[in-house]
Every structure is written in C-alpha cells, then in structure tokens.
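Take a look at the structure below.
This structure is a prediction, so every number in the text was calculated from the model and none was measured. Throughout, a chain's letter reflects where its sequence line sits, starting with A, and its residues are numbered from 1.
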Amino acid sequence: MAIDSKKTRQSKSSVTRRSFMVGVAGLTFSLVEAGRIGASATTVRNKNITVTPWVAISTDGSVHIMSPAAEMGQGSLTSLPLILAEELDADWTKVKIVPAPPIQAIYGNPGFGGMMYTAGSAAVRGYYKPLRLFGAQVRRVLIENAAKKWGVPVEELTTEPGVVIHARSGRRFGYGEIAAFAELPAKAPDIKDSELKKPGEFRLIGKDVMRVELPSKVDGTAQYSIDVQLPRMLYGAITRAPVEGSSLQRVDDAAAQRIRGVIKLVSLPHGVGVIAETPEAAFAAKEALKITWSRDGKAWGFSSEKGIEVNAVIARNLAQPGVDWEKVGDAAAAFQQADSVYSAEYHCDYAYHAQMEPLNAVALVPTSGGAAEIWCGTQSQFMAVEATAKALGITPDKVKLHDMLLGGGFGRRGHRDEEFIVDAVLLANETRGRPVKTMWTREDDVRNGRFRPLTAHFLRAGFDKSGKLVAWHHRHAGDGITAFQDPVFFEMAKRRDVIAMRGMEASPYEIPNRHGEFLQNDSGIRTSALRGVGVGPNKFAVEAFIDELAAKRGIDPVVFRLDLLKNVPRARAVVDKVTQMSDWRRKRNGRGLGFAYMDYTGTHVATVAEVTVNPKDGEIRVHDIWTALDCGIAVQPDNVVAQTESCIVYGLGLALSERITVANGEVQESNFYDYQVPRMRDIPDIHVELVATPNNPTGVGQMATPGVAPAISNAVAAATGVRLRHMPMTPERVLRALKT
Amino acid sequence: MAIAFDLNGKRVSIEVLPDTRLLWAIREHLKLTGTKFGCGAGLCGACTVHVDGSRAFSCQITVQEVAGKSVTTIEGLSPQGQHPVQKAWLAENVPQCGYCQSGQIMAAADLLAKNRRPSRAEIVEHMSTNICRCGTYPRIVRAIERAAREG
Ligand code: FES
Ligand code: FES
C-alpha cells in the first residue's frame with residue numbers, strides 16, 4: 001500500500017504496458033497506457049470519449065485507485081479506496097492511492113450535491129454505494145476476460161485478492177496478467193445489489209486496515225502545504241482588516257520597509273501583504289505596519305455580549321416569523337389547547353476552529369502571468385481552483401492544484417472564497433516567477449477566524465391532560481452561515497441556511513406537533529460551519545430542554561426519551577447501550593450523570609457524562625464520558641472509534657472553555673492562552689462503543705461532538721439542581737448560576 | 001554571521017539574524033519540515049525538538065541560543081521511524097490530521113528517556129504542554145504506556 005501523490009501531477013508515460021481504466025463518463029471502459037492516470041487522464045481520449053478513471057490496473061498487478069476526498073485526519077484517503085478495493089477483491093498490498101484531480105463531474109460526492117467537497121462527514125456515506133459498484137464492475141470484467149481465455153463458464157470462476165481462480169482446473173490469473181490481454185466491453189457490466197459481497201465476505205471493510213498515510217505522520221515526512229519547499233521561494237505574511245468589509249485607508253510602512261529581507265509591501269483591498277526572503281522578515285515587517293482601516297464594515301460597534309441579548313429578544317418574540325426547518329402537525333393550535341406549557345432559553349457564543357496548522361498556501365504565478373500553480377490544504381479542491389482563477393482573472397484550467405494533507409479542517413477550509421489561498425495567490429502575482437508561501441500566524445488565524453455563530457434559542461413544549469408531550473417549538477436566532485460561507489451552495493439549497501439550521505428538529509422524538517424556525521440576524525461577524533455545524537448549538541438547546549421537561553414531569557430523563565423513541569429501534573439500541581456502559585441507574589455520591597441522544601444525519605449517538613462541580617471556583621470536572629454510536633457498517637471500525645474520541649474532546653472544549661468574544665467588531669482573543677482548547681489534563685476517561693447494524697454507512701467525523709455539551713449541562717443539573725444554559729459553561733457562568 | 005550547531009548528528013552552519021527562532025531556521029532555512037509551527041508562542045508544543053537531550057519549544061529559542069549545542073528533530077529521532085515511541089504511535093493508530101504529532105512524539109520520547117515507567121499522572125502532567133486539536137489524547141496515553149512496556 002502506498003500513496004502515489006506524484007502520479008496526480010506528472011505521469012511517467014515512458015511506460016507502455018497496457019492497463020485499463022474504468023470511467024464513469026457513461027461508464028465507459030477504455031484501454032490506455034499504464035501510468036496515464038491522475039490529472040493527465042482527463043486528456044486521455046479513446047474513440048473520442050474522454051475517460052477519467054477511478055481505477056487503473058497495471059500489468060505488474062498494481063492497482064491505482066482514486067481518492068476524491070481531502071484528508072484532514074478523518075481517514076477518507078484510506079476508507080474510500082478501500083471500499084472500491086473490497087468489491088474489486090484487490091490485493092491491498094498492491095493498491096496505490098492517487099488523490100483525484102479536481103473534476104466535480106466525475107469525482108463529486110453524490111451524497112453531497114455532486115460537489116467535490118469534504119464536509120458534513122459525508123464522504124463514506126455518499127461514496128459507499130458507487131464505489132462498491134465500480135469495484136464490482138472491474139472485477140466482473142477481469143473474470144469475464146479470464147473465462148474467455150480459459151474457455152470456461154464465468155460461473156466457475158472466483159477471486160481471491162488480486163487473483164482470478166478456476167478451482168476445477170487449478171488455474172490462476174493475477175489481475176495484472178489479465179490486464180495484459182484484457183478486452184473491455186463497450187458497456188459497463190450490470191451489477192445487481194444482490195451480487196455485491198455480503199458483509200460476511202468482506203476482507204477489508206470492517207477489518208481495520210492501517211490508514212495509508214500514518215507512517216508519514218510519525219516520522220515527520222507527511223507533507224502539509226506549510227511544508228512545501230520550492231526553489232527561489234519567498235515568504236508572505238498578511239494583515240487583514242479586523243472587521244469584515246472594512247478596507248485599507250492608510251498605511252505607514254516606513255518601518256516595515258527598513259527590515260532586512262523585505263522585498264515588497266502590497267496593498268490589497270482587505271489588507272496589507274508583505275513579501276520577504278524569510279518568514280521571520282515577513283512576520284517582523286507585518287508587525288511593523290501601522291494601518292488605519294475604514295469604518296464601514298457592518299460589525300463595527302458590535303459586541304458579542306449585546307449580540308446575545310438582541311438574539312434572545314428576537315427568539316422569544318413569537319410575532320416575528322422565521323424560516324421553517326421542521327413543521328409537522330399544527331404546533332400553534334396544539335399550544336393553545338395544551339394543558340401545561342414550559343419554555344426555556346439557551347445561548348451559545350462564537351467558537352473558533354483552531355485547526356493545528358495555521359492557514360497557509362503556496363502559490364506560483366509564471367513570469368508571463370495567465371496561469372497559476374497552488375499548493376494548499378483545502379476541503380474543496382475545485383473551490384480552491386475556482387477561487388484562484390477568479391482572483392487572477394483566468395480560467396480554472398490554467399490553475400494547477402497540488403492538494404496537500406490538511407493539518408485539521410473542521411469546516412474552516414471549505415469556504416467558497418478560499419481566502420487564505422487567494423492571499424497567497426495575490427502575493428505570488430506580485431513576484432511572478434517566484435513562488436510565495438503565505439502563512440497566517442496563529443494570531444491571524446484567530447482574529448481572521450470565521451466562527452460558529454452567536455445564537456439564542458427559545459424553546460417551548462406543551463403537554464396535554466394525560467401528560468403526553470404534544471407540542472414543540474424551537475426558535476433559533478443568530479447569524480447566518482451558509483450565505484457567507486458559500487453563496488453558491490446557499491442558492492443550491494434554495495436560500496435555506498441548512499448549515500445553521502441543522503439539528504433544530506425535535507425528531508426523531510415522536511411529538512405530533514413540531515415547529516422549528518430560524519431567525520437570521522447577521523451581525524456582520526464572519527461565520528462558518530464548525531465541526532457539528534448548527535447541530536452543536538441546536539442540540540445543546542434541544543437536549544437540555546428535553547431534560548428539563550423530564551425533570552418537570554418527574555421522569556427519569558432516559559425513560560422520558562425512550563418513550564418518545566418507541567418506534568426508532570436504532571435509537572433505542574444506542575440509548576440502551578450507553579446506559580449499560582455508564583451504569584446509568586447507579587447513583588453516584590456528589591456526582592451528576594447527564595444524558596444526550598441525537599440522530600445526526602442518520603448516525604445515532606447517545607452520550608452520558610459524569611461530572612462534579614466545584615462550588616468554590618465554579619469549575620466543572622468531567623470524569624467520564626460514555627458514547628454509543630450506530631453509523632451502520634463501520635468501514636474502518638477503529639477509525640470510527642478514533643473519530644468519536646476526537647469528537648468528544650472537541651465537544652468538551654466547546655462545552656466548557658472555548659469562546660470568541662467580539663468588542664466593537666473586533667475579535668478579542670488571539671492565541672491559545674486566551675482561547676483555551678482541551679489539553680490532556682482536561683480529558684475525562686472516554687469510553688466509546690459501536691452498535692453494529694448492517695445499514696449503509698453514515699458519517700462519524702463530527703457526530704459525537706454536539707452531544708457533549710448538553711450531556712454536561714444535564715449532568716450539572718443532576719449534581720447541583722442548577723441548569724446551565726449558556727455555552728461555553730465557564731467557571732464564572734457556573735458560579736453565577738450557583739448563586740441565583 | 002554564521003551560527004553553527006549540531007542538527008540530528010550533523011554539524012550545520014547557517015547565516016541568519018542571531019535572534020531568528022530555531023523553528024524557522026530548521027523548517028525554512030534547513031528545510032527539515034517535520035517540526036511544525038502551531039502558535040509561535042510556546043503554547044502548543046507543535047514545534048517541540050530536543051536540545052542537548054531535553055525537549056524545547058523551537059519557536060521560543062533563538063538560533064544563537066543553540067550555537068554549539070546539539071538539536072534533534074523528529075527526522076533525527078530514529079533512522080527509520082523505529083523509535084519505540086514511533087512504533088507505539090502506529091500500533092495505537094494515534095495520528096489523525098497528524099500535524100501535532102511530531103511535537104507529541106518528541107515530548108513523549110523526552111519523557112521516556114528520563115522516566116522509563118511513567119505513571120498515568122506523570123504522562124498527563126508531562127504531555128499537557130502539547131495541544132492536539134484532533135483530540136488524540138487517549139491514544140497518546142496508550143501509546144506512551146505501550147512504548148514504556150515494549151521499549
Ligand atoms: S509553535 Fe512553538 S509552542 Fe506552539
Ligand atoms: S493529530 Fe491533528 S492536531 Fe493532533
């Protein structure tokens with residue numbers, strides 16, 4: 001197994017052995033020369049049909065498989081090719097993984113609007129079926145060719161990894177041997193679902209194959225864009241306007257100019273760039289700039305403290321209608337007839353991604369202009385290319401992309417404008433012929449952050465005389481995300497802010513009348529999807545509120561939920577599992593247990609947290625977190641567990657300490673001393689178990705994050721009787737709540 | 001002025017301003033990019049190296065301060081990635097995005113060099129200097145315990 005990253009760019013076409021490829025352009029098969037894969041394959045033509053392959057088998061038996069997703073630690077670089085290799089019955093040791101070129105029509109995720117976009121934990125979910133099918137089709141072609149050669153019926157042939165076998169005569173053909181004489185059918189073979197492997201026949205799926213890039217991540221050779229080294233490379237740094245929409249008014253760069261190694265200072269609409277011979281010179285010059293900004297950005301004067309209040313007023317003003325997310329039955333009427341109605345409010349602060357690799361990119365514009373080469377870590381290869389082309393006024397085909405490993409993504413690197421890549425491109429355009437590595441400092445990364453929004457949630461619930469929960473209403477007021485992050489996707493989504501709204505629903509809890517509505521109130525602060533997207537804030541509110549309702553009715557919170565999940569067996573299974581794991585019914589002395597459940601785009605997750613609260617300093621200590629998760633078939637089970645652990649740690653920071661504050665439109669935090677992410681000493685014992693079901697796989701990259709905060713809030717309520725309604729639940733907030 | 005020090009067992013000499021941070025000297029002047037930039041402020045540990053056998057944040061020391069000293073980076077920790085800590089890291093599937101892991105491994109190697117059987121509490125204490133945003137902490141603990149066992 002190897003990653004063959006060089007192949008994406010230049011094929012060594014001295015190879016003349018034949019191999020074949022499977023394209024999805026009408027599922028046409030084509031004969032081409034070995035080695036002609038990757039970017040070059042887009043130009044491979046046979047009988048005037050452009051073919052771009054997912055798979056190429058060489059006569060030496062090596063199998064090249066395209067990987068269409070960005071690798072940011074979630075493991076898709078391995079798990080997607082693995083799915084194809086499974087049905088192909090490939091010999092995994094002979095598989096070479098090739099990052100797919102940025103061609104959406106072919107490599108776009110069918111489960112994500114056809115976009116080549118790694119987000120929403122949608123990679124395995126979206127590609128699972130098609131990749132299995134492609135693998136099975138290639139296997140069938142190999143078998144048919146072997147059958148013809150041997151003059152035996154197809155039905156008598158089987159495969160073992162990398163080999164077609166005729167058991168009766170004891171003959172074997174390696175896949176590479178077949179590739180040497182294979183003839184390809186005009187049409188891709190039909191494969192029925194029933195002809196795919198049964199889970200019991202899997203050799204790779206579910207078997208914990210080592211992720212292909214891991215060795216490079218323990219010896220320092222893994223390449224992120226920040227590591228790129230090119231001949232005559234220069235270094236870029238940039239100071240961006242502190243408030244979105246403000247622009248450069250005046251700059252005093254005299255001191256910066258004097259710094260040794262500074263080559264050029266560049267005024268940009270949104271900031272000032274520095275180009276220098278060394279990174280230290282670039283950063284020093286950036287520090288030496290004295291800049292005056294225009295005061296026309298929308299967020300000037302905005303403070304997050306006041307923003308919460310404003311959102312809260314909007315959320316509770318029932319006269320103001322929002323955009324519907326969930327509308328079932330007639331909630332308004334049900335509230336009128338309800339016997340008792342409860343309401344509560346919850347708030348969430350801005351939060352920052354804090355991916356470990358500060359944003360950066362390397363770009364090269366040739367002396368003649370008109371083209372560009374970029375090296376970057378992006379969640380969307382095609383957006384990176386498009387944004388670069390747009391910045392330079394050239395066509396996307398003139399942009400050559402080198403997509404690198406991502407030092408974390410979490411949603412930060414999936415914005416349509418790819419502004420951190422464009423920074424590098426604009427600076428490189430000023431020093432044509434010399435590449436520029438433009439790096440943001442951590443301070444830039446925080447202050448120029450794009451955040452999970454500030455939100456206020458107003459919830460109410462109505463019970464009928466028999467004590468049945470019959471009406472539910474969730475009003476969420478806060479900044480929009482989708483329109484800012486990706487205006488194109490926003491239009492595709494019919495101008496519904498699906499990123500902010502996701503998770504507002506009460507379902508799958510069975511409540512006959514439900515209404516969830518979103519009240520967009522843009523402050524002008526830059527926003528972004530952040531691990532867990534809207535589900536984080538929304539389920540913080542939903543799951544804490546459900547808990548409050550259970551308490552009001554004097555019912556155990558798990559029993560209360562199970563009653564609403566009577567007809568959702570997968571939900572009940574994870575709930576049962578986590579209650580066993582955590583020994584839910586055992587009373588703990590001085591400690592509180594809190595519970596949360598959700599169905600996050602098909603993945604069922606139940607979480608229990610065990611906490612103590614220090615009444616003196618307000619610190620919440622989380623001792624244990626138990627999570628049970630059902631994501632259907634786990635392609636790489638241990639990786640699912642790892643992702644879930646990761647989600648929990650991330651959720652813990654969001655729940656307890658992570659907060660971006662804005663004063664007069666400017667972000668107040670700047671580095672890890674005032675934006676505190678979890679460290680090893682903050683981590684509870686984490687227990688994860690998967691509930692295996694034979695369903696098609698669903699996502700795992702962020703599904704366990706949103707449950708952490710409500711589970712903790714609920715645990716604090718259980719321990720102290722005090723309800724925490726504002727995320728993050730910082731010690732000051734805990735103290736304040738304990739006092740009132 | 002040229003400043004000389006040993007880097008992964010080889011003498012190197014570079015022309016930089018003396019107050020240049022060791023991090024940038026290693027990464028961008030000497031092109032050993034396994035050592036990472038995370039915060040530039042001594043807060044995350046991504047830039048951890050060994051100086052004369054003890055861990056140090058390379059973003060916090062200047063090249064001048066290591067003149068004549070011996071610096072080890074992830075590239076020099078073992079010839080083929082075969083240090084017990086590296087092997088344990090693979091056995092426990094620790095890395096996710098991987099960006100923090102050079103620093104984590106250097107910090108762990110430093111711990112085990114000084115304390116062959118660290119307790120859980122000692123591991124947590126020692127490793128809390130290093131941030132992993134992917135939250136691989138439970139696996140880091142397991143990997144360190146494995147390396148201590150199998151070392
Ligand atoms: S980069 Fe040196 S401690 Fe973060
Ligand atoms: S593995 Fe991503 S930051 Fe540690």
Side-chain angles (χ1 to χ4, degrees), chain A residues 71-75 208 210-211 213-224 226-229 235 260 278-280 283 353-358 405-410 437 439 441-443 638-639 642-643 645-650 652 671-673 677-683 685-686, chain B residues 16-17 19-21 23-25 27-29 31-41 43-44 46 73-78 80-83 85-87 89-90 93-102 105 123-141:
Chain A
E71 178 56 59
M72 44 193 164
Q74 85 284 30
D208 288 328
M210 189 197 274
R211 285 169 43 208
E213 87 290 7
L214 279 206
S216 76
K217 288 178 173 174
V218 303
D219 67 8
T221 57
Q223 291 285 298
Y224 307 83
I226 205 166
D227 299 329
V228 169
Q229 302 293 340
Y235 294 87
R260 206 174 86 187
T278 64
E280 56 275 18
F283 291 140
H353 302 81
Q355 78 294 336
M356 276 313 285
E357 180 189 15
L405 293 170
L406 281 68
F410 311 119
K437 180 191 287 186
M439 293 182 278
T441 61
R442 177 59 63 186
E443 288 78 10
D638 182 57
N639 192 47
Q643 282 300 301
E645 292 164 355
S646 169
C647 281
I648 291 168
V649 174
Y650 205 97
L652 208 71
N671 207 321
F672 291 124
Y673 69 92
V677 302
R679 292 173 182 273
M680 194 183 278
R681 62 166 170 261
D682 306 314
I683 299 307
D685 283 336
I686 295 173
Chain B
V16 289
L17 294 175
D19 64 351
T20 299
R21 301 290 152 148
L23 171 68
W24 299 118
R27 284 183 52 81
E28 304 296 342
H29 295 268
K31 316 286 185 210
L32 286 185
T33 54
T35 304
K36 297 295 192 252
F37 167 53
C39 69
L43 297 164
C44 77
T73 67
I74 185 76
E75 290 90 347
L77 185 63
S78 69
Q80 306 285 327
Q82 289 299 306
H83 188 282
V85 169
Q86 289 167 304
K87 285 198 279 187
W89 242 244
L90 286 183
N93 284 319
V94 174
Q96 289 190 20
C97 85
Y99 194 79
C100 72
Q101 298 296 347
S102 298
I105 289 168
I123 293 173
V124 170
E125 163 75 19
H126 185 88
M127 298 301 293
S128 285
T129 47
N130 286 54
I131 294 173
C132 175
R133 186 52 161 167
C134 299
T136 63
Y137 302 123
R139 282 162 193 256
I140 290 177
V141 172

- line: Applying a strict 4.5 Å limit to non-hydrogen atoms, the region of B:P138 in contact with chain A is side chain
- prompt: By a 4.5 Å heavy-atom criterion (distance strictly below it), what part of B:H83 contacts chain A: side chain, backbone, both, or neither?
  reply: neither
- line: chain B shares the most heavy-atom pairs under 4.5 Å, among A:I683, A:V649, A:N671, with A:N671
query: Is a side-chain N or O of B:Y137 found less than 3.5 angstrom from the main chain of A:P678, in a donor-acceptor match?
result: yes
Taking every non-hydrogen atom, the tightest pair across B:T33 and A:Q229: CG2-NE2, 3.4 Å
- prompt: Relative to chain A, which of B:G34, B:G135, B:C97 shows the most heavy atom pairs under 4.5 Å?
  reply: B:C97
- line: Ranked by heavy-atom pairs below 4.5 Å to chain B, first place among A:E443, A:R681, A:M356 goes to A:M356
message: With heavy-atom distances below 4.5 Å as the criterion, would you say the side chains of A:N639 and B:N93 are in contact?
response: no
- line: Nearest heavy-atom contact between B:P95 and A:L214 is O-CD2, 3.6 Å
task: Find the one option among A:Q643, A:K217, A:Q355 whose heavy-atom pairs under 4.5 Å with chain B are most numerous.
output: A:K217
query: If you round to the nearest 0.5 Å, how far is CD of A:E280 from CG of B:L17?
result: 7.0 Å
Under 4.5 Å from a heavy atom of chain A, the part of B:L23 involved: neither
query: Most heavy-atom pairs under 4.5 angstrom with chain B, which of A:G408, A:A222, A:A642?
result: A:A642
message: Does any backbone or side-chain atom of A:P279 lie under 4.5 Å from a heavy atom of chain B? Answer side chain, backbone, both or neither.
response: side chain
query: Quick one: what part of A:M72 sits under 4.5 Å from any heavy atom of chain B, side chain, backbone, both or neither?
result: backbone
- prompt: What is the minimum heavy-atom distance between B:K36 and A:D227, and which atoms define it?
  reply: NZ-OD2, 2.9 Å
message: Give me the atom names and distance for the closest heavy-atom approach of B:G98 to A:Y224.
response: C-OH, 3.1 Å
- request: Can you tell which part of B:I131 gets under 4.5 Å to a heavy atom of chain A, answering side chain, backbone, both or neither?
  value: both
message: Using a 4.5 angstrom heavy-atom cutoff, name the option from A:D638, A:D682, A:T278 with the most pairs to chain B.
response: A:D638
Pairs of heavy atoms under 4.5 Å with chain B: top-ranked of A:E71, A:K437, A:R260, A:M439: A:K437
message: Less than 4.5 Å apart, side chain to side chain, heavy atoms only: is that true for A:F410 and B:C134?
response: yes
Engaged part of B:T129 at the chain A interface, taking heavy atoms whose separation is under 4.5 Å: backbone
Which atom of B:F37 lies closest to which atom of A:I226, heavy atoms considered: CD2-CD1, 4.0 Å
- prompt: With only heavy atoms counted, which part of B:D19 is less than 4.5 Å from chain A, the side chain, the backbone, both or neither?
  reply: neither
query: Looking only at heavy atoms, what is the nearest atom pair of A:P358 and B:G38, with distance?
result: CG-O, 3.6 Å
query: Heavy-atom distance under 4.5 Å to chain B: side chain of A:Q223, backbone, both or neither?
result: side chain
- line: Greatest number of non-hydrogen atom pairs under 4.5 angstrom with chain A, of B:T136, B:V16, B:I105, falls to B:I105
- request: Mark yes or no: B:R133 above the aromatic ring of A:Y650, with NZ or CZ under 6.0 Å from the six-membered ring centre and no more than 45 degrees from the axis.
  value: yes
